[in-house]
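Below: the structure, in structure tokens.
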Protein chains: 2
Amino acid sequence: MSEPTLRDVARACGCSVATVSRVLAGTRPVGAETTRRVRRAAEELGYRPNQVARALRSRSTGTVGLVLPQITNPFYPTLVRELTHALHADARAVLLADCDDDPAIEASRIESLLARQVDALLVVPVDAERSAEAVAAAAARVPLVLLDRSCGPGVADSVAVDNTAGMALVLDHLAAAGRRRFCFIGAAGTTSSAAERRAAYEATATAHDPLAAERIELGDFSVEWGREAVGRLWAGPEGTTAGDRPDAVVCGNDLIAVGALQQLRQLGIGIPRQAAVTGFDDIPMASVAEPAVTTVRQPVSELAAEAARLLDRRLTGADPATAPQRTLRLAPELVVRASTSPDPNSPPSTQKAAVQ
Amino acid sequence: MSEPTLRDVARACGCSVATVSRVLAGTRPVGAETTRRVRRAAEELGYRPNQVARALRSRSTGTVGLVLPQITNPFYPTLVRELTHALHADARAVLLADCDDDPAIEASRIESLLARQVDALLVVPVDAERSAEAVAAAAARVPLVLLDRSCGPGVADSVAVDNTAGMALVLDHLAAAGRRRFCFIGAAGTTSSAAERRAAYEATATAHDPLAAERIELGDFSVEWGREAVGRLWAGPEGTTAGDRPDAVVCGNDLIAVGALQQLRQLGIGIPRQAAVTGFDDIPMASVAEPAVTTVRQPVSELAAEAARLLDRRLTGADPATAPQRTLRLAPELVVRASTSPDPNSPPSTQKAAVQ
DNA sequence: GAGTCTTCGGAGAACGATTTCCCGTCGTGG
DNA sequence: CCACGACGGGAAATCGTTCTCCGAAGACTC
């Protein structure tokens, strides 16, 4: 009736559970004839090892928790895909938790995953500050890798794109195309990617345009905010002449860029003639917007592969706990599309950031 | 050092593990004074029940497997979000598996989830035919709910949108707007949503346009295919005059519609003046395309809620195995946008399909 | 030929919770 | 005064593996 167990197989082939376990797990050599008998019996009964029992005994579930701020952010599906495939290849399963961008939910999800005895956690923290406590507590209990965003220094291993380099690619590209009056639409809050991109913009753009730091609008990573922010920037101080308007709208991510684009078009601003627009992440939407958005592509596969590698080191490595923490910064790539390029017919070109 | 167990708590408060378990699980009344002592000890030690041990003993992991064809299809993230939230509310965790649109991978993922003793499975099958065997085998072992797509009759409980009703909404809307020459770009293969939408198009469109069934292009659910298919349709037979071109391009989903839109614009076809374009699903991309795509919105929250409810009935319900299988069809909603509406300034309107 | 290895297999103790018995101790009614 | 039920609590079996001991038997060395 019910699922056959090791006992059933042992009974069927007339030997002990220990022997069956050894044959099936291959942990110790077993006589040829016995091996054959065990294999046959297991096959005939359709025996499948119970992973829960195995996990209890071996103190390892072969399961990794993946904690995301909001899976509906179009940047994450690809990441999830790459991660699950990488982890499945190591015979690990993925417990998924979505946090609805709320640090409190995030803390409770992490707690729940730990209670389920995950072997490790992959966390994209909601917020650098408000996630820090829960993440640090979790990192003290299991190997933990921060992904895409970080969360205070020295908390855990971390893999992310080099936001500063990415922003530099964008700004250099815009400057090379003759843009001189920059503005930035980003996300408020302390989310590390938001903060890093903002800081990189301030630092780099000021070199090209002394007033760049004064034209910064901060909201959240959404299409709606992109629209609203353009409204604010273009409402501007009274008496502003067209010549004072920004000619380059640098956005904190692609969602914002898409919103900005919509609003600019509605205001009758020619893209890219009167204003160039750039995004960040290279989500699918960026390439179907009209005009297609120039953006910074994150190396998602590498991100996932490195995260899996870091986990593996901690889980199977020589010195799991004592090994020094690693922080990896991956080089992004500029994807030039029609929203900044004067010639919409030229094929989109990409440019890799220098490897650091 | 290591995580405290029931034994540790029992030792700390001077009573037996049985008592501690009873207090914490609340399975049997325990004296007031003892209860207090146990609670304090548990609190002080920071005791957290080990879910793996609990699962082994109680034969229930509180875990549900979610099997998706391809999480990078923008329709799924919202579904995943709703599902995880609904299941977390029932104190269940979600093991996620992505199949890369491959029935073989799907079968192996399902097998792996079953070995991990999931209490139930939520499956969006890759293909109605080639997924049937693995899904049926799984359904025989645990409660299983098919989501969004089905997979042969009588295999398992199933919740999906009413594709036929959705297609009817689209076609009626187009006909009411005076469109007369329909064409359809869909997905080949036996995936149930692909097949149902295709069939519904054939049946319904023919009523408005006798030639509708002759203008069908089948590929896959992607932007690229949308572009390519438009190329084919507009390449058409030699000598075709503009008056013979379709004036309505009905697409199997939004991705296809976006691709179609791009190609039509490139060909210089005015949207919606010369040709209307419609999609299906209402993914975020549909509303940011230019022009925004008229589409059929799937009731994703309801889909998730109903799936969770079906699972719950099987898991906690009166007669888990014997209860008759249920097939739910949810009513979709038409979202009219600029790709079919002559007046781009009028706010997008929505129209609910009649509840059946 | 006696002692020492090696090899193969079994018995049984974990792992950490739940749950079924069972045993005292009261209180109470006959 | 005794029997009986209710109640609080403990001992131990159980879930299905893994893994550590142990023992027996054959192979080898000196």
Side-chain angles (χ1 to χ4, degrees), chain A residues 1-39 41-42 45-63 91 112 114-119 141-142, chain B residues 1-39 41-42 45-63 91 112 114-119 141-142:
Chain A
M1 284 312 89
S2 118
E3 202 69 358
T5 74
L6 267 195
R7 274 184 64 136
D8 300 323
V9 178
R11 198 148 30 205
C13 71
C15 55
S16 72
V17 282
T19 306
V20 179
S21 169
R22 289 197 270 252
V23 169
L24 268 29
T27 48
R28 238 184 58 180
V30 171
E33 167 58 15
T34 317
T35 300
R36 215 169 310 136
R37 282 217 319 278
V38 170
R39 286 248 153 74
L45 291 177
Y47 169 77
R48 297 176 246 249
N50 181 324
Q51 298 293 340
V52 170
R54 192 199 290 263
L56 176 59
R57 171 64 223 218
S58 59
R59 331 177 82 30
S60 153
T61 53
T63 290
S112 148
L114 288 173
R116 291 202 139 79
Q117 313 292 119
V118 292
D119 289 346
R141 304 221 267 144
V142 296
Chain B
M1 284 312 91
S2 116
E3 202 69 357
T5 73
L6 266 196
R7 273 184 63 135
D8 300 324
V9 178
R11 197 147 32 205
C13 70
C15 55
S16 74
V17 282
T19 305
V20 179
S21 168
R22 288 197 270 253
V23 169
L24 267 32
T27 47
R28 238 185 59 179
V30 171
E33 167 57 18
T34 317
T35 300
R36 214 168 311 136
R37 283 218 318 278
V38 169
R39 285 247 153 74
L45 291 177
Y47 170 76
R48 295 176 250 248
N50 181 324
Q51 299 294 339
V52 171
R54 191 199 290 261
L56 177 59
R57 172 63 222 222
S58 59
R59 328 177 86 26
S60 153
T61 53
T63 290
S112 148
L114 287 173
R116 291 201 138 80
Q117 313 292 120
V118 292
D119 289 345
R141 302 222 268 145
V142 295

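Owing to the predicted nature of the structure, the values given are computational and were not obtained by experimental measurement. Convention: sequence-line order gives letters A, B, ...; per-chain numbering from 1.
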Whole-Å distance between [N] [atom2] and [X] [atom1]?
X	N	atom1	atom2	value
B/Arg11	D/dG10	CZ	P	14 Å
B/Leu24	C/dT19	CG	P	14 Å
A/Arg7	D/dT14	CZ	C1'	10 Å
B/Leu56	C/dA17	CG	P	12 Å
B/Arg54	D/dT14	CZ	C1'	16 Å
B/Arg116	D/dT17	CZ	P	15 Å
B/Asp8	C/dC15	CG	C1'	13 Å
A/Arg48	D/dC15	CZ	P	20 Å

Got [X] and [Y] here, is their nearest side-chain heavy-atom distance under 4.5 Å?
X	Y	result
B/Val52	A/Val52	yes
A/Thr63	A/Gln117	no
B/Tyr47	B/Val20	no
B/Arg141	A/Arg48	yes

Is it true that a side-chain atom of [X] and a backbone atom of [Y] form a donor plus acceptor pair closer than 3.5 Å?
X	Y	value
A/Arg37	A/Cys13	yes
A/Arg116	B/Gly62	yes
B/Thr35	B/Val30	yes

Chi angles and distances behind the side chain to side chain contact (heavy atoms under 4.5 Å, CB included) call for B/Arg39, B/Arg36 = CA-CA 5 Å; B/Arg39 285 247 153 74; B/Arg36 214 168 311 136; 5.8 Å; no
Examine [N]: is either OP1 or OP2 under 4.0 Å from a nitrogen or oxygen in the side chain of [X]? Give yes or no.
X	N	result
B/Ser21	C/dA17	no
B/Arg59	D/dG16	yes
A/Arg57	C/dA14	no

Contact pattern, 5' to 3', of nucleotides 7-12 of chain C - B, S or - by protein heavy atom under 4.0 Å = -BBBB-
Considering the terminal five base pairs at each end of the helix from C/dG1-D/dC30 to C/dG30-D/dC1, what angle separates the two local helix axes, rounded to 10°?
-> 60°
What residues form a side chain to side chain contact (heavy atoms under 4.5 Å, CB included) with B/Val17, not counting sequence neighbours?
-> B/Leu6, B/Arg7, B/Ala10
